[in-house]
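These notes are about the structure you will find just below.
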Amino acid sequence: MPKAKPGDHAAPSPPARSRGRLIVVANRLPVNRAGAGDWSRSPGGLVSALEPILARRRGVWVGWDGGTGRAPRPFVHQNLSIHPVALSARDVEQFYNGMSNRSLWPLYHDAIRTPEFHRRWWETYQDTNQRFARAAARVARRGDLVWVHDYHLQLVPRMLRELRPDLRIGFFLHIPFPPEELFAWLPWRTAVLKGLLGADVVAFQTQSSAQNFSRMARRYAGAEGTDARVETGPRAVRVRALPISIDFQEFDTLAADPKVVRAAKEIRQRLGGRRVLLSVDRLDYTKGIEHRLYMFEDLLDRGLIGVDDAVMVQIAVPSREVVPDYTQTRTQVEHSVGRINGAHAEPGRVAVHYFRRSLSRQDLAAYYLVADVMLVTPLRDGMNLVAKEYVATRRDLSGALVLSEFAGAARELRRALLVNPRDVDGFGAAVRQALSLPSEDARQRMAILRMNVRRHDVHDWARAFLEELEGS
Ligand code: GDG
């Protein structure tokens with residue numbers, strides 16, 4: 001299948017005024033309530049990815065405000081038109097925590113935890129998707145482009161097309177699309193495929209996700225065609241692999257900010273000048289935090305690493321805490337950290353620093369600067385922006401990235417030290433190699449990694465997607 005490379009789409013864009021608006025439909029709004037009637041931009045993968053594009057194009061965002069009361073009336077926040085969709089407590093339970101995060105999320109991530117399927121969750125998923133589709137149909141004007149995001153809203157493209165056949169509709173899945181062995185489990189697989197096939201363009205993080213989708217569409221939804229173009233009746237749907245990226249410039253600039261540099265120096269001193277192994281993840285079972293701790297513990301137990309030389313810093317951002325698998329993961333992680341420190345810490349020298357909190361963007365960049373080795377080792381991940389952010393902050397070309405083969409990012413960041421996080425020996429060996437990489441080798445690797453991310457930044461990604469959509 002021809003892979004659309006974001007870098008191939010560098011042609012000058014037509015002036016903004018000649019185009020319609022861009023309507024983003026996503027589960028969450030890009031703003032959080034910061035007090036009575038006050039809103040602030042919220043951090044997170046999708047928001048950081050789309051912010052720069054929406055700033056350059058008249059943008060509308062349709063999404064949930066995170067509450068369970070009546071939805072606030074539409075409003076404008078920093079030039080972005082916000083259209084909140086209301087969810088009831090029952091919707092949050094069944095559509096969000098249930099169908100989205102206990103059925104689809106684990107199923108699409110290799111069934112690392114067993115997905116549960118309940119008809120009542122599915123019914124609420126359909127109703128809620130219908131509500132998002134209606135909201136988008138109300139807001140959209142003729143000529144606007146609609147860009148629907150992620151696994152929560154897979155039925156929206158078809159529902160929206162039924163309401164508004166005049167619109168161009170695109171869909172991007174941020175998480176992996178699973179192979180048949182897993183996708184076939186889904187009791188509502190045909191409905192999900194037909195939902196997605198309502199779009200003009202359906203795009204994924206990787207080639208294999210795109211292929212999985214096309215195959216499933218042919219097998220279970222009566223579609224015909226190739227991997228790159230599937231036809232349902234008279235309509236053709238473009239299927240693409242368009243890996244998401246970051247705002248390289250933002251992180252590159254942040255890394256040179258004197259405040260960030262000062263903060264990094266202070267963190268390094270506080271860590272006792274030891275070599276730093278860093279990880280930053282949502283506290284999610286897909287991120288492989290337990291496997292990583294196990295690998296580190298194994299190196300300590302075998303005396304291959306000592307607390308005088310190295311320290312591991314795990315920043316874990318609280319996530320989906322009402323879902324039982326997440327509570328369990330947290331307990332396991334905290335148990336492991338306690339066990340490792342119990343066995344290996346010395347006065348003034350812990351083996352693992354564990355921070356369960358979210359950091360400001362500046363502090364995050366400061367930690368990236370401190371990290372001699374960055375460990376990004378999910379068991380399965382659509383892309384993983386943290387890996388790209390780390391690379392973007394390494395202006396002096398120092399540092400090493402240890403990256404899981406199971407992150408979408410591994411397809412592009414080939415010069416990272418790639419590992420299978422379940423292979424404790426291989427993983428440990430890669431970490432030791434990262435700690436002792438000759439500086440010229442490390443610099444060459446980092447230079448190439450930085451070039452990859454600089455060339456394929458979030459602007460290229462969005463431009464590539466919108467060009468596909470406009471040309472469809
Ligand atoms: C999904 C897919 C895909 C993290 N900690 C803090 C913080 N972050 C920011 C990071 C990064 C984002 O959150 C996390 O993005 P990831 O890509 O790592 O992961 P998911 O949340 O699982 O996102 C994933 C992504 O969608 C985009 O398509 O890559 O595969 O699972 O930007 O910097 N930000 C701040 N403080 C923190 O403590 N401010």
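Numbering of ligands and ligand atoms starts at 1, following listing order. What you see is a predicted model; the values in this text were computed from it and never measured.
Checked by atom type, the side-chain pair Y285/R113 shows no donor-acceptor distance below 3.5 Å. Judged by distance alone, the side chains of Y368 and E389 do bring a donor and an acceptor atom under 3.5 Å apart. A donor-acceptor contact closer than 3.5 angstrom links the side chains of R292 and T377.
Of the possible polar contacts, none joining the R394 side chain to the Y390 backbone as a donor-acceptor pair under 3.5 Å is found. Here the side chain of D227 pairs no donor or acceptor atom with the backbone of Q211 at under 3.5 angstrom. Judged by distance alone, with hydrogens and angles left aside, the side-chain atoms of H109 form a donor-acceptor pair with the main-chain N or O of W105 at under 3.5 Å. The backbone N or O of S472 sits less than 3.5 Å from a side-chain atom of R168, completing a donor-acceptor pair. Between the side chain of R240 and the main chain of A228, a donor-acceptor pair closer than 3.5 Å is present. Between the side chain of S404 and the backbone N or O of P378, at least one donor-acceptor pair lies under 3.5 Å.
Taking any N or O of H109, backbone or side chain, none lies under 3.5 Å from an N or O belonging to ligand 1. Not a single N or O atom of I315, backbone or side chain, sits closer than 3.5 Å to an N or O atom of ligand 1.
At a 4.0 Å heavy-atom cut-off, ligand 1 touches V280 through the side chain alone. Contact annotation for I244 and ligand 1: only side-chain heavy atoms (C-beta onward) come within less than 4.0 Å of the ligand. Residue contacts with ligand 1 for L364 involve side-chain atoms from C-beta outward but no N, CA, C or O (heavy atoms, distance under 4.0 Å). Contacts between Y151 and ligand 1, counted as non-hydrogen atom pairs separated by less than 4.0 Å, are absent for every part of the residue. Of all the heavy atoms of V317, the ones lying under 4.0 Å from any atom of ligand 1 belong exclusively to the side chain.
Close approach of ligand 1 to W105 (heavy-atom distance below 4.0 Å) involves ligand atoms 31 (O). Counting atoms of ligand 1 from 1 in the listed order, those under 4.0 Å from a heavy atom of L359 are 35 (C), 36 (N), 37 (C), 38 (O), 39 (N). Heavy-atom proximity to V386, at under 4.0 Å, picks out these atoms of ligand 1: 18 (O). Of all atoms in ligand 1, listed by their number and element, those nearer than 4.0 Å to a heavy atom of Q205 are 3 (C), 28 (O). Here is the list of ligand 1 atoms found below 4.0 Å of a heavy atom in E389: 10 (C), 11 (C), 32 (O), 33 (O). If you number the atoms of ligand 1 from 1 as listed, the ones under 4.0 Å from a heavy atom of S358 come out as 36 (N), 37 (C), 38 (O). Ligand-side atoms of ligand 1 in range of G382: 30 (O), range being under 4.0 angstrom from any heavy atom. For ligand 1 and R282, the ligand atoms under 4.0 Å from any heavy atom of the residue are 20 (P), 21 (O), 22 (O).
Just one of F171, F213, F172, Y108 meets the ring-ring contact (aromatic ring centres under 6.0 Å, His included) condition when paired with F204; it is F213.
The option with the heavy atom closest to atom 19 (O) of ligand 1, from among K287, R380, R357, K388, is K287.
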